[in-house]
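A short worksheet on the structure shown next.
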Protein chains: 2
Amino acid sequence: MDEGGPAPRRPATMRDVAEYASVSPMTVSRVLHDDPRVSPVNRERVLAAVKALGYRRNEVARNLRLGRTSGLIGLVVTNLANPFYSQFALGVESVAGENDLKVVLANTDEDAERERQLVKELIARRVDGMIVVPAGSDHAHLDPKAAGSVPVVLGARPPAGPEIDSVLVDDFGGAREATAALVAAGHTRVGFLGLPPSVWTSAERFRGFCVALEEAGLPLDERYVRRQQRTIPAAEEAARDLLRLRRPPTALFCANSRNTLGAIRATRQLAPETTLAGFDDFELADVLGVPLIVVAYDPRELGRQAAGLLVQRLSAPADRALDLLTRRIVVPTKVVRYGMS
Amino acid sequence: MDEGGPAPRRPATMRDVAEYASVSPMTVSRVLHDDPRVSPVNRERVLAAVKALGYRRNEVARNLRLGRTSGLIGLVVTNLANPFYSQFALGVESVAGENDLKVVLANTDEDAERERQLVKELIARRVDGMIVVPAGSDHAHLDPKAAGSVPVVLGARPPAGPEIDSVLVDDFGGAREATAALVAAGHTRVGFLGLPPSVWTSAERFRGFCVALEEAGLPLDERYVRRQQRTIPAAEEAARDLLRLRRPPTALFCANSRNTLGAIRATRQLAPETTLAGFDDFELADVLGVPLIVVAYDPRELGRQAAGLLVQRLSAPADRALDLLTRRIVVPTKVVRYGMS
DNA sequence: CTGTTAGCGCATTCAC
DNA sequence: GTGAATGCGCTAACAG
């Protein structure tokens with residue numbers, strides 16, 4: 001293959017190539033730019049030197065000289081282990097790639113302080129922009145207008161305070177529609193399992209749940225509401241609690257997939273006839289053999305849209321990029337029914 | 001918060017800060033380094049200027065000057081939508097973070113040509129090292145000894161040719177053990193569903209499958225072998241084929257999760273009494289109510305180990321880093337039984 | 001304690 | 001066609 005270049009310990013520079021080819025660095029630079037004003041002879045020599053030395057242009061230095069930024073965008077997510085975020089990341093990466101941008105990945109583990117730190121580092125590295133799924137509720141450090149001036153797009157959760165572009169799921173609408181489907185099926189005692197109210201998405205879904213009940217003229221029974229489960233075991237336990245009530249709910253709405261999975265485990269044992277509805281679709285939902293209503297959406301599309309917004313801002317005239325109107329895109333949801341043949 | 005700095009359109013430079021504070025750039029640099037040899041007065045002035053201008057040190061220029069590399073490592077995976085790779089990425093990210101490295105993410109979509117392109121770009125960006133899940137079988141472009149000289153660690157698939165560090169799963173052992181469990185349960189007609197033989201992991205798993213049969217004195221019936229399914233529907237179709245044979249297999253070994261999921265769908269309809277075993281654990285395996293043997297392992301640990309190897313090489317003396325012995329780490333697997341109470 | 005000089009690798013002037 | 005000079009933003013190594 002490569003005919004055994006001297007395996008340079010310190011990557012070859014343009015000067016190295018120039019010396020090897022007995023030309024000036026400038027000529028090398030021109031060849032690398034396909035500048036036509038280079039004699040064929042020299043072009044050949046340079047190309048040969050490049051190959052011999054295994055030279056690769058240093059994009060970092062190049063960008064510094066050009067005053068361009070890094071060609072990098074930061075992607076800060078809360079939990080890459082969650083399929084939602086990995087699909088989201090995939091969407092971001094694909095659109096970024098199409099626009100000749102690379103993605104620097106960072107995981108906050110839902111730690112707001114870590115997020116601040118990571119954002120600072122990314123800015124110092126001169127990322128051209130950032131896509132952030134914010135962990136906390138204070139978004140001041142994400143304000144593009146503040147010091148740093150880096151375009152930011154928020155994913156899945158809306159900005160609190162500063163005007164920042166965002167791409168959201170129709171949490172409210174999806175929850176409302178799924179709950180309405182439960183009610184339409186005749187259920188009057190519907191339980192709710194969700195994350196703590198401090199998590200915006202879950203709060204919105206709870207709001208959708210409440211509105212759907214209200215629209216059906218059903219009361220909201222707080223004994224049927226559990227909003228503290230962050231893990232599958234916790235969700236299972238909470239679901240058990242509800243099912244053990246003297247008048248248990250006949251249906252459960254679960255505000256995220258972890259709660260849905262916990263509820264599935266609980267109902268399977270305690271009350272298999274309970275109808276389940278949940279936010280987030282998941283693999284195997286159709287095979288479970290349990291009647292299940294699911295609020296589905298495309299997390300990858302969410303990522304694509306977020307990257308799209310960012311790219312738009314990046315391609316705006318540099319001095320006006322931050323003056324564009326703040327935009328908010330809401331990705332639709334779709335209610336899917338499984339196992340109710 | 002930030003008291004309305006002038007929102008600089010072009011990020012402030014050290015010189016801007018120096019002028020604002022009426023000192024030399026050098027003094028600014030020192031303050032930013034916590035160099036004690038700066039008068040408290042000047043330190044205050046600089047700090048004030050930094051805040052007023054929203055200055056952030058340009059790490060790119062800094063690294064260029066220091067001759068350091070980027071502090072970035074490249075992570076090239078084949079399919080981030082696959083939970084395996086997202087967990088893998090998470091493991092890489094966590095260890096990288098602990099070592100003050102950031103991760104540049106790239107997805108090849110199993111396209112070897114795209115991989116070559118991405119690897120080139122990453123090298124041009126002067127990543128300090130790369131972790132790659134190779135898509136093709138030609139790994140010449142990944143050889144650290146070739147031009148480029150960037151340390152590389154391969155994940156999940158071993159190097160073909162060049163000597164490259166790698167972190168692998170015990171594909172052979174896991175498949176052999178799971179198959180043996182099937183045989184021990186009395187099955188004599190065991191089918192195999194897998195990816196094409198060109199995929200190394202799947203080939204290894206097939207090898208484990210074959211050896212287990214051989215060790216049990218069972219013949220390998222090629223009519224029970226299907227090795228072309230890359231998607232869940234294709235796997236389901238292949239499983240149906242096997243189950244429709246006049247003497248169908250009584251158990252199936254599935255070489256990856258997509259084949260397992262397809263097989264579950266097929267058996268559920270056609271032959272619920274079929275015993276299933278599969279490589280890769282997955283969520284809800286316990287809830288399916290189907291007897292299931294699973295080969296489990298920790299993809300996050302795989303990522304951690306890969307990053308660990310890379311970090312080791314990066315911290316070796318620069319001129320000797322490439323001379324270390326090539327290492328290969330094999331992460332163990334564990335056979336788990338579900339629904340066979 | 002502080003400033004000046006020089007240069008990391010590259011590319012845009014502007015000369016020849 | 002080609003090359004020399006200059007500077008991107010930053011910081012070691014020297015002066016002062």
Side-chain angles (χ1 to χ4, degrees), chain A residues 8-47 49-50 53-71 123-128 148-149 318, chain B residues 8-47 49-50 53-71 123-128 148-149 318:
Chain A
R9 263 58 185 101
R10 210 190 36 214
T13 79
M14 237 178 60
R15 256 221 299 277
D16 299 332
V17 176
E19 277 180 26
Y20 191 100
S22 310
V23 297
S24 82
M26 215 36 253
T27 303
V28 177
S29 177
R30 288 201 177 94
V31 171
L32 266 39
H33 282 243
D34 277 324
D35 189 320
R37 308 172 310 179
V38 177
S39 69
V41 199
N42 275 346
R43 163 165 281 112
E44 283 315 311
R45 306 182 62 165
V46 168
L47 257 23
V50 164
L53 267 40
Y55 170 75
R56 313 274 219 242
R57 184 166 56 191
N58 184 332
E59 292 295 330
V60 174
R62 176 187 162 87
N63 286 337
L64 177 62
R65 179 59 180 83
L66 292 178
R68 283 190 211 160
T69 34
S70 53
I123 290 175
R125 280 184 198 281
R126 291 298 191 272
V127 292
D128 294 354
S149 292
Chain B
R9 263 62 185 97
R10 211 190 33 213
T13 81
M14 238 178 59
R15 257 221 297 278
D16 299 333
V17 176
E19 278 180 25
Y20 191 100
S22 309
V23 297
S24 83
M26 211 42 240
T27 302
V28 177
S29 176
R30 288 200 178 97
V31 171
L32 266 38
H33 282 237
D34 277 324
D35 189 321
R37 309 172 310 179
V38 177
S39 70
V41 199
N42 274 345
R43 163 165 281 113
E44 283 314 313
R45 305 183 61 165
V46 168
L47 257 24
V50 164
L53 268 39
Y55 171 74
R56 313 276 219 243
R57 184 167 57 191
N58 185 332
E59 293 295 329
V60 175
R62 169 159 207 245
N63 286 337
L64 178 61
R65 180 58 179 83
L66 293 180
R68 284 189 208 160
T69 35
S70 52
I123 290 175
R125 280 185 197 279
R126 291 300 191 270
V127 292
D128 295 354
S149 292

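Chain identifiers are assigned alphabetically (A, B, ...) following the order of the sequence lines, protein sequences preceding nucleic acid strands; residue numbering begins at 1 within each chain.
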Between atom [atom1] in [X] and atom [atom2] in [N], what is the gap in whole Å?
X      : N     : atom1 : atom2 : answer
B/R125 : C/dG9 : CZ    : P     : 19 Å
A/R126 : D/dG9 : CZ    : P     : 9 Å
B/N63  : D/dC8 : CG    : C1'   : 15 Å
B/L64  : C/dG7 : CG    : C1'   : 9 Å
A/R45  : D/dT2 : CZ    : P     : 11 Å
A/R15  : D/dA5 : CZ    : C1'   : 14 Å

Where [X] and [Y] come nearest, the two heavy atoms and their spacing:
X     : Y      : value
A/V60 : B/R126 : CG2-CB, 4.4 Å
A/S70 : B/R125 : O-NH1, 2.7 Å
A/Y55 : A/T13  : CE1-C, 3.5 Å
B/V23 : B/N42  : CG1-OD1, 3.6 Å
B/M14 : B/P25  : CE-O, 3.0 Å

Short N/O separations, protein against nucleotides 11-13 of chain C, under 3.5 angstrom:
residue	atom	partner	partner atom	Å
C/dA11	OP1	A/H33	NE2	3.1
C/dA11	OP1	A/R62	NH1	2.3
C/dA11	OP2	A/S29	OG	3.2
C/dA11	N3	A/R65	NE	3.2
C/dA11	N3	A/R65	NH2	3.2

Looking at [X], does any N or O in its side chain come under 4.0 Å of the phosphate oxygens OP1/OP2 on [N]?
X     : N      : answer
A/N42 : D/dG1  : no
B/S39 : C/dT2  : yes
A/S24 : D/dA4  : no
B/R68 : D/dT11 : no

* Starting at the 5' end of DNA chain C, which residue's closest nucleotide do you reach first, B/S22 or B/G67? -> B/S22

* CZ of B/R56 to CG of B/L32: how many Å apart, nearest 0.5 Å? -> 11.5 Å

* To do: Under the side-chain hydrogen bond (donor to acceptor under 3.5 Å, both in side chains) rule, collect the residues that match up with B/R57, sequence neighbours excluded.
  => B/H33, B/E59

